[in-house]
Amino acid sequence: MLTQDDKKRMAAKEALKFLPKGAYIGIGTGSTVNFFIEELVPFKDDIKGVVSTSKQTEALLLKYGFEVLNLNEVASLPVYFDGADEVNSLLQMVKGGGGALLAEKVVASVAKNFVCMVDDSKYVSKLGTFPVPVEVLSYARSMVSRKMVALGGRPELRMGYTTEQGNKIIDVHGLNLSTPLELENEINQITGVVENGIFAKHPANVLVIAKDEGVEVKQLGGFF
Ligand code: 5RP
């Protein structure tokens, strides 16, 4: 039996098959991404540089000698690589367990392709077991929490945590995610909400799932 970390590394290794040559790439945040960066080191010269989504990812990239760029410095990104907290068969995801959801969604929205790397515990028939992280302006957290209750959720402030953009995160349990795109839009329309961790507007188009039996790759709508 493989450990969850073994599977995360396997998924990361397989995802390298989608590495573009001579281009900039985007990279998310988290332990799966950390494995991906380690596996990417031998292929460093194949890419031009990396747009990072967090200080944590940037620090690891710099440690291994990658060129790290700001999103403003690149006009396009062929591929974005990231993990997820949950992903369904439409490759819609819940992300933000690591708190980097805002930059992740911005960078993902620029990329032509989103390659999501997960171990099989993250692949679910229905999103919503993992709480939806909602990034909010600090002074709006109580107001937004009340709106989350009205939506049927149980909000929990992520204690002692401030995002890199200076905001707070409310983890919302128990939301009904039967229509993820609608809920993503509905939450983002609440004044005081900066972004939320539902990735339905920007789903992955490639999903790499590592299991005990091996790696499965699912593609939706092709790879560009
Ligand atoms: C960070 C994220 C991560 O992709 C997500 O939390 C998965 O993390 P890990 O690879 O450590 O399991 O969205 O904001």
Side-chain angles (χ1 to χ4, degrees), residues 2-16 18 25-40 50-61 71 79-88 91-111 113-124 127-136 156 158 160-173 175 177 180 184 187-188 193-211 215:
L2 297 169
T3 66
Q4 193 178 24
D5 278 356
D6 291 335
K7 292 178 188 173
K8 286 180 179 186
R9 188 180 284 283
M10 270 166 68
K13 215 169 184 166
E14 184 74 17
L16 285 172
F18 296 91
I25 61 168
I27 297 191
T29 298
S31 54
T32 314
V33 157
N34 292 347
F35 288 127
F36 178 75
I37 294 170
E38 287 175 12
E39 296 296 331
L40 185 61
V50 182
V51 174
S52 164
T53 51
S54 65
K55 287 185 182 142
Q56 180 193 313
T57 294
E58 181 172 343
L60 196 59
L61 287 165
L71 185 60
V79 194
Y80 175 69
F81 296 89
D82 201 355
D85 297 303
E86 278 187 338
V87 54
N88 67 14
L91 312 198
Q92 298 168 318
M93 298 158 281
V94 172
K95 291 179 46 53
L101 64 110
L102 177 56
E104 289 174 346
K105 205 178 273 192
V106 172
V107 179
S109 75
V110 174
N113 295 281
F114 186 144
V115 177
C116 177
M117 311 165 284
V118 293
D119 66 85
D120 53 0
S121 68
K122 312 268 188 81
Y123 187 60
V124 296
L127 300 174
T129 302
F130 194 89
V132 175
V134 179
E135 183 161 346
V136 297
E156 227 175 65
R158 203 176 287 187
Y161 185 81
T162 300
T163 69
E164 286 184 21
Q165 289 74 25
N167 301 313
K168 291 291 173 189
I169 290 192
I170 301 167
D171 291 306
V172 189
H173 302 253
L175 287 171
L177 268 85
E184 178 180 2
I187 293 175
N188 278 355
V193 168
V194 180
E195 190 48 86
N196 73 80
I198 303 172
F199 280 60
K201 206 166 156 187
H202 301 290
N205 57 321
V206 177
L207 175 63
V208 184
I209 312 170
K211 313 172 183 188
V215 181

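Not measured: the values here are computed from a predicted model. Order of listing sets the numbers, starting from 1, for every ligand and every atom in it.
With hydrogens and angles left out, the side-chain atoms of Thr3 and Asp5 include no donor and acceptor closer than 3.5 Å. A side-chain N or O of Ser31 and one of Lys8 form a donor-acceptor pair less than 3.5 Å apart.
Protein residues lining ligand 1, listed by chain and number: Lys8, Thr29, Gly30, Ser31, Thr32, Asp82, Gly83, Ala84, Asp85, Lys95, Gly96, Gly97, Gly98, Gly99, Ala100, Glu104, Lys122 [non-hydrogen atoms, distance under 4.0 Å].
Nearest heavy atoms, Ile209 versus Asp119: CG2-C, 4.3 Å.
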Expected list for residues 91-110: side-chain donor-acceptor pairs under 3.5 angstrom, two or more places apart:
residue: Gln92; atom: OE1; partner: Asn88; partner atom: ND2; Å: 2.9
residue: Lys95; atom: NZ; partner: Asp82; partner atom: OD2; Å: 2.7
residue: Lys95; atom: NZ; partner: Gly83; partner atom: O; Å: 2.9
residue: Lys95; atom: NZ; partner: Glu104; partner atom: OE1; Å: 3.1
residue: Glu104; atom: OE2; partner: Thr29; partner atom: N; Å: 3.3
residue: Lys105; atom: NZ; partner: Glu184; partner atom: OE2; Å: 2.7
residue: Lys105; atom: NZ; partner: Glu195; partner atom: OE2; Å: 2.8
residue: Lys105; atom: NZ; partner: Asn196; partner atom: O; Å: 2.8
residue: Lys105; atom: NZ; partner: Ile198; partner atom: O; Å: 2.7
residue: Ser109; atom: OG; partner: Val106; partner atom: O; Å: 2.6

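Atom CG of Leu175 sits about 13.0 Å away from atom CZ of Phe130, to the nearest 0.5 Å. Atom CD of Glu86 is separated from atom CG of Leu127 by 5.5 Å, given to the nearest 0.5 angstrom.
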